[in-house]
Amino acid sequence: MAKRFNTTGACLPARHYMVDLTSRLNAIKVMIDNGDYFTINCGRQYGKTTTLLSLVTWLKSDYEVVFLDFQRMGSVAYENEATFVDGFLRVLLMSVRKFPEGIREQFLSLRKETAENRTLAALFEAFVYWCAESERPVVLMIDEVDTATNNQVFLDFLAQIRAAYLTRDIIPTFQSVILAGVHDVRNIKRKIRPDDESKVNSPWNIAADYLVNMSFQMDDIASMLTQYEEDYHTGMDIEKISSLIYDYTSGYPFLISRICKLMDENLADTDEFHDRNAVWTEEGVMEAVKLVLNEKNALFQSLFEKLNRYPEMKNRIYELLFRGQTIPYNADDPVTDLLQMFGFVRVENATVQIANRIFETRLYNYFLLSPEAEKDELFRLADREKSQFISHGRLNMDYLLEKFVEYFDDIYGDKGEKFVEDDGRRYFMLFLKPIINGTGNYYVEARTRNHEQTDLIIDYLGTQHVVELKIWRGNSYNERGEQQLSGYLDHYHLKKGYMLSFCFNKNKNIGVHQITLGDKVLVEAIV
């Protein structure tokens with residue numbers, strides 16, 4: 001059976017092109033050897049289940065490894081203590097083939113007990129006998145613990161694990177317990193009253209810090225592409241393609257595999273890419289990114305469901321995207337905690353940033369292509385006249401800026417300074433979106449995003465345009481911006497760049513002009 005890139009379920013080395021997990025598995029084994037109890041919590045489709053299944057094989061020579069999936073328990077298991085114990089034992093007996101003599105019978109006997117006697121205390125008493133009789137230390141791994149969130153009985157289960165952990169030097173128990181899910185069970189919400197009032201509380205304060213990086217680096221991507229290249233000999237530049245994929249994904253495992261899968265299975269033998277060799281190029285990566293940005297998949301559906309459920313997260317992301325706000329990382333901020341837990345953001349240089357370019361563009365689309373946004377007059381003008389901005393398959397950025405200045409001044413010229421400062425950049429992107437939608441992409445360079453300056457990178461059919469969006473703060477500030485933009489053009493190997501300034505001076509000179517700066521041409525627009 002030929003290997004494939006996999007984006008559904010766990011990856012298996014015999015069937016799928018995979019990143020080498022050796023270093024991660026070794027780091028986790030050190031924690032297990034130390035007797036740590038811990039949680040692996042990160043965003044959806046981040047490789048948690050694949051890692052756990054790989055651990056089962058990795059540890060089997062030293063430990064008795066038990067892998068359980070709480071999705072198998074069903075919702076009825078959380079009704080009360082007796083149903084939880086029964087559900088847990090059902091999954092345990094289904095998952096473990098061999099127990100020490102007499103232990104399986106003990107578990108079966110507990111399942112037959114009356115509800116009154118089928119307790120967590122009785123379950124953990126059976127665990128003591130199991131761990132005492134096992135030839136090797138027992139490691140318990142539980143996947144999809146999110147299934148149990150907001151249930152008092154699950155917190156009681158965690159409390160029992162905590163008690164076992166604290167007395168493990170005198171009473172046999174598990175060598176290590178690993179819980180995996182999106183939610184961090186240390187901050188789990190539980191229902192404790194009929195009116196659904198909830199509070200943050202968890203007995204999982206025994207957990208060791210889990211510092212293993214679950215995202216993939218460029219070398220990881222290269223190792224996977226090397227496997228593929230050994231099979232198909234496309235002649236790809238592995239280092240270049242790995243770097244480009246990483247630039248768009250920042251190492252998010254699902255997005256990496258999704259881009260590769262689309263390149264392998266969807267792009268070859270098309271009008272644009274006649275064979276595999278043509279696909280595994282920069283143009284192929286960009287086309288796959290475009291497909292990802294426009295498809296429905298389980299990851300995006302999960303993200304936006306969370307965004308709609310938590311309006312405070314939605315507001316914070318809007319601030320990050322459109323208002324250029326630099327948000328310092330605060331470990332005690334519950335909104336940042338939620339955004340990080342669900343995978344929307346990452347922390348870099350002590351600031352909160354959108355997790356990757358693909359998420360960023362998809363989030364921009366979420367706001368800019370909403371029914372409310374599409375009713376905006378500026379959006380409708382751009383949508384109606386979008387063909388005039390494309391010439392011979394190229395985006396005419398000079399003309400686009402000219403018309404934006406004209407339309408913006410006509411529609412919003414009498415708005416106050418606060419309006420322009422907060423929403424001016426949003427309106428440029430609102431104007432741009434219908435023009436390039438379906439053909440081009442854009443993203444914001446995170447290193448330059450702040451309250452007064454944002455560098456927008458527009459990619460249209462392989463041609464890149466750098467547009468600096470800024471608040472006018474006087475001529476000297478503007479000249480520094482010109483120098484910064486010139487330097488940034490060097491990074492992208494471009495000779496022409498664009499600057500859009502939102503100016504609040506009453507006597508401002510609205511319009512577009514060109515200046516020459518060394519060997520660069522800068523097109524400056526002022527509104």
Side-chain angles (χ1 to χ4, degrees), residues 289-290 292-297 300-301 303-325 339 344-345 354-390 395 397 399-444 449 451 454-460 465 467 469-471 498 500 502 525 527:
V289 167
K290 189 193 305 180
V292 171
L293 287 171
N294 288 287
E295 72 176 1
K296 287 185 177 180
N297 59 51
F300 291 142
Q301 287 174 341
L303 287 175
F304 288 108
E305 185 273 328
K306 299 294 189 305
L307 203 63
N308 291 325
R309 186 191 303 178
Y310 299 98
E312 63 272 31
M313 290 202 310
K314 188 174 181 178
N315 293 337
R316 181 68 56 82
I317 285 179
Y318 186 93
E319 293 170 358
L320 275 168
L321 293 177
F322 294 109
R323 303 222 166 133
Q325 294 190 9
L339 288 169
F344 284 101
V345 302
I354 302 297
N356 53 69
R357 287 182 187 173
I358 289 178
F359 279 12
E360 181 174 72
T361 303
R362 190 79 181 219
L363 288 164
Y364 274 124
N365 292 345
Y366 172 80
F367 288 103
L368 295 175
L369 295 179
S370 67
E372 294 77 16
E374 292 176 3
K375 293 176 183 177
D376 184 88
E377 187 175 355
L378 195 61
F379 183 97
R380 287 189 285 109
L381 277 170
D383 189 44
R384 186 171 65 242
E385 302 179 13
K386 58 188 175 185
S387 61
Q388 67 179 307
F389 301 108
I390 310 300
L395 181 64
M397 276 300 304
Y399 187 60
L400 188 151
L401 275 182
E402 289 176 13
K403 298 307 288 185
F404 173 77
V405 170
E406 176 186 331
Y407 293 154
F408 186 88
D409 187 58
D410 288 345
I411 300 170
Y412 304 112
D414 59 348
K415 294 288 186 179
E417 177 176 334
K418 183 64 176 174
F419 166 82
V420 175
E421 188 162 1
D422 281 351
D423 291 311
R425 284 169 287 195
R426 172 178 175 269
Y427 278 99
F428 177 70
M429 298 178 76
L430 193 64
F431 182 76
L432 175 67
K433 183 59 188 173
I435 297 171
I436 68 170
N437 192 37
T439 305
N441 296 319
Y442 54 82
Y443 62 90
V444 170
R449 182 200 278 119
H451 188 57
T454 295
D455 282 315
L456 184 68
I457 315 301
I458 303 168
D459 192 296
Y460 191 87
H465 308 274
V467 184
L469 312 176
K470 60 192 291 294
I471 306 299
Y498 302 86
L500 174 59
F502 296 93
V527 292

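- When all heavy atoms of Ile435 and Lys386 are compared, the pair lying nearest together is CA-CB, 3.9 Å.
- Aromatic pair Tyr407/Tyr412: ring centres not closer than 6.0 Å.
- Taking CZ of Arg309 as the reference point, atom NZ of Lys314 lies at 14.5 Å (rounded to 0.5 Å).
- Remark: Leu307 CG to Asn315 CG distance equals 9.5 Å, nearest 0.5 Å.
- Screening Asp459, Leu400, Asn441, Leu395 against Ile436 for a side chain to side chain contact (heavy atoms under 4.5 Å, CB included) leaves a single residue, Leu395.
- Here the CG atom belonging to Leu378 is positioned 13.0 Å from the CE atom belonging to Met429, to the nearest 0.5 angstrom.
- Rounding to the nearest 0.5 angstrom, the gap separating the CZ atom in Phe431 from the CD atom in Glu377 is 12.0 Å.
- With respect to Asp383 and Arg380, no salt bridge is recorded, no charged nitrogen being found less than 4.0 Å from a carboxylate O.
- Between Arg316 and Glu312, no side-chain nitrogen of the basic residue sits less than 4.0 Å from a carboxylate oxygen of the acidic one, so the salt-bridge criterion is not met.
- Inter-residue side-chain proximity for Ile411 and Tyr427 is flagged as unmet; no heavy-atom pair is nearer than 4.5 Å.
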| query | Asn437 and Leu369: side-chain contact (heavy atoms from CB on, under 4.5 Å), yes or no, with the steps? | reply | CA-CA 10 Å; Asn437 192 37; Leu369 295 179; 4.2 Å; yes

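- In this structure, the separation between CZ on Phe404 and CG on Leu432 is 10.0 Å, given to the nearest 0.5 Å.
- Summarising the geometry of Lys433 relative to Asn365, their closest heavy-atom pair is NZ-OD1, 2.7 Å, with the distance given to 0.1 Å.
- Across Val467 and Met397, no two heavy atoms sit closer than the pair CG2-CE, 3.6 Å.
- Side-chain contact check for Leu320 versus Leu363: every heavy-atom pair is 4.5 Å or farther apart.
- Looking at heavy atoms from C-beta onward, Ile390 lies in side-chain contact with Tyr460 at the 4.5 angstrom threshold.
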| task | Take Ile317 and Leu321, measure what side-chain contact (heavy atoms from CB on, under 4.5 Å) needs, and give me the verdict at the end. | result | CA-CA 6 Å; Ile317 285 179; Leu321 293 177; 3.7 Å; yes

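- Annotation: side chain of Ile358 is in contact with side chain of Leu293 (closest heavy-atom distance under 4.5 Å).
- The existence of a salt bridge linking Glu360 and Arg357 is excluded, since no basic side-chain nitrogen approaches an acidic carboxylate oxygen closer than 4.0 Å.
- Atoms CD1 and OH, on Ile458 and Tyr442 in that order, are 9.5 Å from each other to the nearest 0.5 Å.
- Scored by the ring pair (Phe, Tyr, Trp, His ring centres under 6.0 Å) test, Tyr366 finds Phe304 as partners (sequence neighbours excluded).
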| CA sep, side-chain torsions, deciding dist, call: Phe428, Leu401, side-chain contact (heavy atoms from CB on, under 4.5 Å) | CA-CA 9 Å; Phe428 177 70; Leu401 275 182; 3.8 Å; yes

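- When all heavy atoms are compared, the tightest approach of Ala373 to Arg426 is CB-NH2, 4.3 Å.
- In summary, the aromatic rings of Phe389 and Tyr399 are positioned with their centroids under 6.0 Å apart.
- The minimum heavy-atom distance between Phe379 and Leu430, with the atom names listed, is CD1-O, 3.4 Å.
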